[in-house]
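In what follows, a structure is listed as structure tokens, so that the remarks can point back to it.
Every heavy atom of this structure was used, including side-chain atoms; hydrogens, water molecules and symmetry mates were not. Below, chains carry the letters A, B, ... as their sequence lines are ordered, and counting in each starts from 1.
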There are 2 protein chains.
Amino acid sequence: MATSRDVARIAGVSQPTVSRVLNGNPRVAEEIRQRVVQAMDELGYIPNTSAKAMRTARSGAVGIVASEILNPYFPRLLDTLTREARARDLGVVLWNDADPAAPMAEAGVKGGVVDGVVFTAVLAGGQGPTLLAEHGVPVVVVNRAEANCPVDHVTSDHEATGYASAAYLLDHGRSDLAVVAGPRDSLASPAREHGLRRCLDERGVQVGEERWLVGTTSYEHGLAASERLLRSGPMPGAVYCTADVIAFGLMSGLRRNGVRIPEDVWVMGNDGLPMAAWDAFDLTTQRQPVEEMAQRGLELLAQRMAGDAGATRRVLLPTALEVRGSTAHA
Amino acid sequence: MATSRDVARIAGVSQPTVSRVLNGNPRVAEEIRQRVVQAMDELGYIPNTSAKAMRTARSGAVGIVASEILNPYFPRLLDTLTREARARDLGVVLWNDADPAAPMAEAGVKGGVVDGVVFTAVLAGGQGPTLLAEHGVPVVVVNRAEANCPVDHVTSDHEATGYASAAYLLDHGRSDLAVVAGPRDSLASPAREHGLRRCLDERGVQVGEERWLVGTTSYEHGLAASERLLRSGPMPGAVYCTADVIAFGLMSGLRRNGVRIPEDVWVMGNDGLPMAAWDAFDLTTQRQPVEEMAQRGLELLAQRMAGDAGATRRVLLPTALEVRGSTAHA
DNA sequence: CTGAAAGCGCTAACAT
DNA sequence: ATGTTAGCGCTTTCAG
């Protein structure tokens, strides 16, 4: 592999001059610059990343901590994050790490592999972001809003979304609700439940324990929940699911048992997956601005990496209610 | 950030001794080793990756070239690839790069960011793998089998899968077929079409041009195809789609128009997405061993990175026919 | 505007 | 078994 010395030799200049050309240093004579550039692409020269990183103590890369690659919303997030990184000439290192302490990220940061970290993991109580932030590492948390975590956050407003979802259902006369929720140790689902509960409390609506089913964020949980609901008495007027995939499973289970949607029961999801619009589901949901979250998240991170030391920011993006046939009214 | 010199000072040894402990060099006295280890975690020491990479001319990371993050099978691939990489203590750098020349990978390799590359991009005719291989870079291509490309490949046998799919349909008396295929500049779809065609030719079965619809790998293409089929005459006995998502769209479009599946027409997909098993689709398909492809792919790559210079290998993994309700027979 | 010299943190020879 | 020395390829003073 060609080095800057090789380039220098070919161009008949000193090696530091090559470095200056590389970094756009203006104090290089145009004629010399030309010679160097020509030598560079004659050799197909690419500067050695490790050497540059060691010398400058910056890697030019960001890390992404993910524990949820198989979650249906994750690809959109990752796609946007990688594009935004590329647009800023930042490399992307991916850590598939479910440990809330984020040991891979810590090692990556301390080892100088990355200059900043995007946390996308859904588990709550993770000390990872806080630990890194305390070491002065630029960090942004995307799609979760952890309390007492002194780092930048970009997330959809799960609590408000839960509230709005309940309000929508109640406003349309569906006051006997059931809820099928994702895991309690995640962040999105409990926040949505919390918002929902707040609205219910305000309006004096009760939901029995047997109609508030907590499980995983999965089709299977929705399927199982449908069985539970069918056995535990008459159909509620509406079922709110904290995730679209849960709703997909729920609808399948209900239909297997001859329950019609929306005639016999309304079903509502939350996430706004593109799939929710498909005929097979036609699911009313709350669309999360996943792409915008990723874009704003990387923007914030890039600012921090550029030295911005301002106060911690929390960006709460609104979700959009998408009404479809699963709650069709008039 | 602590360096090996700091560790050495604390432990009262020379800096290279720290390096020896780090690399498990056996010629270190146990007592000294203990002192060094203790100093290390006293300081929370993590060796600098750039320095090590520069010195050894190895980064300890692999690159993944992806242009299809949003494809529904990609997350499973990525999830497995990252796990397998971690199991081998390899970092993962992700390039979201649709350019078939794979400029990001080339820069990454030349810059010493990675020691090997996994290509997962679906576009055909990409010069990327060949270019890198010619430079002696370990490369593996996953889920496509490009002709005249002298690098390791791991892929499901798309051609055989197409053949087997046609045989299944014909064996069950469905001899008037329609085909809805993905893009011609991809690799999987044309190979599947080719296998299909081979079987049809062997059995003297004809498929009219108006019943062989090529488009993108998307729900929308399937939806549009259903309209075309409905307009172009009587329903065929079966429709084979080169991808599950296409089949999902097709089924939606058909059902909108009162066509029943499988009573009026059989529908078959190809990919074996977990979703295909959901009630809403209940789709007969060919399951690709995505996880195994990823696992074998990284295994091969790791061997090459470890110096294996044997002949280029092509691993063709079989798919598994999963018969479901969309082609239900007796 | 350009070159000479130093050094980032580590590993690999070499010396003891 | 351990320490000393050198150098990976680059950027950054410092001279000139």
Side-chain angles (χ1 to χ4, degrees), chain A residues 1-40 43-61 89 91 107-115, chain B residues 1-40 43-61 89 91 107-115:
Chain A
M1 211 87 310
T3 74
S4 61
R5 285 177 94 108
D6 300 330
V7 175
R9 195 163 17 81
I10 303 251
V13 298
S14 74
Q15 181 269 327
T17 296
V18 175
S19 183
R20 291 187 184 102
V21 171
L22 216 52
N23 295 291
N25 188 322
R27 295 188 299 206
V28 178
E30 181 55 22
E31 187 225 356
I32 297 250
R33 207 188 61 79
Q34 301 257 341
R35 282 216 317 266
V36 171
V37 167
Q38 189 181 336
M40 279 176 174
L43 289 171
Y45 169 73
I46 301 279
N48 183 292
T49 307
S50 300
K52 174 165 187 164
M54 180 159 61
R55 186 61 241 238
T56 60
R58 308 201 111 246
S59 69
D89 254 308
V109 165
K110 287 197 173 176
V113 177
V114 301
D115 300 330
Chain B
M1 211 86 317
T3 74
S4 60
R5 286 177 94 107
D6 300 331
V7 175
R9 194 161 19 78
I10 303 252
V13 298
S14 75
Q15 182 269 326
T17 296
V18 176
S19 184
R20 290 187 185 102
V21 171
L22 215 53
N23 295 291
N25 188 320
R27 297 189 298 207
V28 178
E30 181 56 22
E31 187 225 356
I32 297 252
R33 207 189 62 78
Q34 300 257 340
R35 281 217 318 265
V36 171
V37 167
Q38 189 180 337
M40 277 176 175
L43 290 170
Y45 168 73
I46 300 279
N48 183 293
T49 306
S50 301
K52 174 167 187 164
M54 178 157 62
R55 188 60 244 241
T56 61
R58 310 201 109 244
S59 69
D89 255 308
V109 165
K110 287 197 173 177
V113 177
V114 301
D115 301 330

### Message
Other residues, nucleotides and ligands only: do more than 12 of their heavy atoms fall within 6.0 Å of CD on A/Q34?
### Response
yes
#### Entry: B/K52 atom NZ, neighbour heavy-atom count above 12 within 6.0 Å
no
### First of B/R55 and B/E31 reached from the 5' end of DNA chain D, by closest nucleotide
B/E31
Closest approach of [X] to [Y] (non-hydrogen atoms, all atoms of both residues):
{"X": "A/A107", "Y": "B/I46", "value": "O-CG2, 3.8 Å"}
{"X": "A/G112", "Y": "B/S50", "value": "O-OG, 4.3 Å"}
{"X": "A/V113", "Y": "A/S59", "value": "O-OG, 3.0 Å"}
{"X": "B/Y45", "Y": "B/L22", "value": "OH-CD2, 3.8 Å"}
{"X": "B/V18", "Y": "B/S4", "value": "CG2-O, 3.7 Å"}

## Note on the structure
With the side chain defined as heavy atoms from C-beta on, B/R27 is closest, among C/dC8, C/dT11, D/dT2, to D/dT2
### Query
For the side chain to side chain contact (heavy atoms under 4.5 Å, CB included) test, which of B/V7, B/V21, B/V28, B/I32 pairs with B/V13?
B/I32
[atom1] of [X] versus [atom2] of [N]: gap in Å, rounded?
{"X": "A/N25", "N": "D/dC10", "atom1": "CG", "atom2": "P", "answer": "16 Å"}
{"X": "B/Q34", "N": "D/dA1", "atom1": "CD", "atom2": "C1'", "answer": "16 Å"}
{"X": "B/D6", "N": "C/dC10", "atom1": "CG", "atom2": "P", "answer": "9 Å"}
{"X": "A/M54", "N": "D/dC8", "atom1": "CE", "atom2": "P", "answer": "11 Å"}
{"X": "B/N23", "N": "C/dG9", "atom1": "CG", "atom2": "P", "answer": "17 Å"}
{"X": "B/E30", "N": "D/dT2", "atom1": "CD", "atom2": "P", "answer": "11 Å"}

### Query
For the helix from C/dC1-D/dG16 to C/dT16-D/dA1, what angle lies between the axis at the first five pairs and the axis at the last five pairs, to 10 degrees?
40°
### Query
In Å and rounded to the nearest 0.5 Å, what is the CZ to OG distance from B/R9 to B/S14?
13.5 Å
### Task
Enumerate the residues from residues 44-53 of chain B whose closest heavy atom to DNA chain C is under 4.0 Å, giving them by residue number; use none for an empty result.
B/Y45, B/P47, B/N48, B/A51, B/K52
### Query
So which of residues 7-22 of chain A are in contact with DNA chain C, with a heavy-atom cut-off of under 4.0 Å?
A/V13, A/S14, A/P16, A/T17, A/R20
### Message
Closer than 3.5 angstrom, by distance alone: can the side chain of B/T49 be matched with the main-chain N or O of A/G111 as a donor-acceptor pair?
### Response
yes
#### Entry: Backbone of A/A11 reached by a side-chain donor or acceptor of A/R35 within 3.5 Å
yes
